[in-house]
There are 2 protein chains.
Amino acid sequence: MPRTGRDGRYHHGDLRAALIDTAVEIIGERGVRGFSLAEASRRLGVASSAPYAHFADRDEFLAAVAVHAYELFNKQFLPEINEFPEPADRLAALVRSYVRFAGAHRPLFEVIFVAGLDKTRHPEVKAAEKPFEDAYTDIVRTLSTDGPESGHPTGEARTPAPESGHLTGEAADLAAAIEAAAYGHAMLLLEGDYGRGGEAVELAADRAARATLALVESRHLLRRRAP
Amino acid sequence: MPRTGRDGRYHHGDLRAALIDTAVEIIGERGVRGFSLAEASRRLGVASSAPYAHFADRDEFLAAVAVHAYELFNKQFLPEINEFPEPADRLAALVRSYVRFAGAHRPLFEVIFVAGLDKTRHPEVKAAEKPFEDAYTDIVRTLSTDGPESGHPTGEARTPAPESGHLTGEAADLAAAIEAAAYGHAMLLLEGDYGRGGEAVELAADRAARATLALVESRHLLRRRAP
DNA sequence: GTCTATATCCCGATAGAC
DNA sequence: GTCTATCGGGATATAGAC
């Protein structure tokens, strides 16, 4: 929301936020790799050097966009899974939300997954993605220790799942398969393999959700011998 | 193989081929988006304008690299599937080969799938990928009309599958799921999610192959209602 | 087929004034 | 916080000589 100062020039109360909005626009048109801070400045009518008052360099700016992307996902899409009590359905819903997010906010999805940011250099990004990762690992862990086919008689003592951290064994295999399926569907959607409109998004999301259920159903086939 | 002329300067008998080799090098270091014809020329010791004697522009050059990539895949990896008689195993082998190719020839895989070439503008690329596509659709079609769980009593009359072109119904759903799984595993491999060395490639390829078998096994869950 | 030379354009980033 | 001015670098692409 630019406002005009006494001198007739445009000034932005929040150039930082305006830059992120404009970046989303540009990335939507040209892709992440076609984005430049210079063009964003041009569109906002500010000097090409103005962004450097808020961000050290281009990478740090993209990291800020990535954080924005995760916050949006966590707020708007993650809650969708709470409609489902069963772990398998929750997982399918999570995958569906993931693909929907890719379709509805393609530029943000691109920044997160296609830009190739070095996350180790941007801890803010890692922190922002944590809610999503936690939701995911929680469900997968539940599924592989408590699934309908795991064969635990009622009341049997179970080793408690670790509270956080990496998955192991069957859970890791299932998680990897579903992660790849979700990512693959999202990428094919963005490449136009499913068409262009909103139906394409739902088609891709639906297929991804079904693939998730199929993988859960046949998860015994995913198991690998210990290396 | 550069040779030296009488004047002491380097000349290339086949600059075209040399450029493609060098492009593979550069893309391996910087990714497709970090590639430029200018740098390739520099490394070969030729003028930055030399490539334009062989290629109209950067995109046409990348299309040539893509054709090279498909030819290599079709020759070196596609034949691997012939070791397996059963359709499901053939499909898993194809997916395994696909991921192995991504790992063994990452730069070429990137050009094909990440560079975002407009294939409609480059018919040579479409022609080069045809053998791969045909092999894929053939197997999927066989699986969804002749699979062990399709429940056709022996001798029942079946509608003959179309000889080429797009898949429909169950076959299309299965094909989409497997395509996404293969692509997803390959991309996660390239992003380093499985680690870096040759073991990472085999891990990803193995997981992709298992996911393929799992999807085939539960393919009834992939079925969508007609739109 | 390759060279030199050049034109044009865009980008990232810095310094210092307002 | 934003501006102007500017440096340095790299890319694409063309024209014309050898």
Side-chain angles (χ1 to χ4, degrees), chain A residues 1-23 25-27 29-65 111 115-118 121-122, chain B residues 1-23 25-27 29-65 111 115-118 121-122:
Chain A
M1 213 67 83
R3 49 198 165 82
T4 306
R6 277 185 306 225
D7 55 359
R9 295 182 182 286
Y10 281 95
H11 287 267
H12 296 272
D14 195 353
L15 179 62
R16 192 193 145 92
L19 278 170
I20 292 181
D21 288 348
T22 307
E25 257 183 48
I26 296 175
I27 294 169
E29 297 166 16
R30 306 209 206 297
V32 203
R33 45 201 244 242
F35 167 80
S36 72
L37 280 173
E39 181 173 6
S41 307
R42 220 178 298 133
R43 291 201 187 186
L44 284 171
V46 303
S48 71
S49 58
Y52 295 91
H54 298 271
F55 306 97
D57 55 29
R58 186 179 187 272
D59 265 24
E60 195 172 291
F61 174 72
L62 287 179
V65 179
V111 171
L117 290 178
D118 187 356
R121 299 197 53 177
H122 301 281
Chain B
M1 213 67 84
R3 50 196 163 83
T4 308
R6 275 182 308 222
D7 55 1
R9 296 180 181 285
Y10 281 94
H11 287 266
H12 295 272
D14 193 353
L15 178 62
R16 193 191 143 92
L19 277 170
I20 292 181
D21 288 348
T22 307
E25 256 183 48
I26 296 175
I27 295 168
E29 297 167 16
R30 307 209 205 296
V32 206
R33 47 198 243 242
F35 167 79
S36 73
L37 281 173
E39 182 174 4
S41 306
R42 221 177 298 132
R43 291 201 187 185
L44 284 170
V46 302
S48 70
S49 57
Y52 294 90
H54 298 271
F55 306 97
D57 55 29
R58 185 180 188 271
D59 264 24
E60 196 172 290
F61 173 72
L62 286 179
V65 179
V111 170
L117 291 178
D118 186 358
R121 299 198 53 178
H122 301 281

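Note that this is a predicted model, so its numbers are computed, not measured. Each chain gets a letter, A, B and so on, in the order the sequences are listed, and its residues count up from 1.
- Note: CG (B:Leu62) to C1' (D:dT12) measures 13 Å, nearest angstrom.
- In this pair, B:Phe35 and B:Phe61 present their aromatic rings parallel. The plane angle is below 30°, not in the 30 to 60° band.
- Put simply, CG on B:Leu19 is 12 Å from C1' on C:dG1, counting in whole angstrom units.
- Across A:Leu37 and A:Pro51, no two heavy atoms sit closer than the pair CD2-CB, 4.2 Å.
- Two residues are said to be in side-chain contact when any heavy atoms from C-beta on lie closer than 4.5 Å; A:Phe55 and A:Leu19 meet this criterion.
- Residues B:His122 and B:Leu62 have side chains not in contact (no heavy-atom distance under 4.5 Å, counting atoms from C-beta outward).
- Heavy-atom minimum distance, B:Val111 versus B:Val65: CG2-CG1, 3.9 Å.
- Here A:Ala50 lies in heavy-atom contact (under 4.0 Å) with sugar-phosphate atoms only.
- At most 12 non-hydrogen atoms from other residues, nucleotides or ligands lie less than 6.0 angstrom from CZ of B:Arg16.
- Rounded to whole Å, atom P of D:dT2 lies 5 Å from atom CG of A:Leu15.
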A correct 5'-to-3' footprint of nucleotides 12-18 of chain C, with B, S and - meaning base, sugar-phosphate only and no protein heavy atom under 4.0 Å, is SBBB---
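- We find that CZ of B:Phe61 is positioned 16 Å from C1' of D:dA13, with the value rounded to whole Å.
- B:Ile26 has its CD1 atom 13 Å from the P atom of D:dG10, to the nearest Å.
- Of the candidate nucleotides C:dT2, C:dC11, D:dC3, C:dC11 has the atom lying nearest to any side-chain atom of A:Arg42.
- Looking at heavy-atom distances under 4.0 Å, A:Arg16 makes no contact with the nucleic acid at all.
- One can place CG of B:Leu44 at 10 Å from P of C:dC3, the figure rounded to the nearest angstrom.
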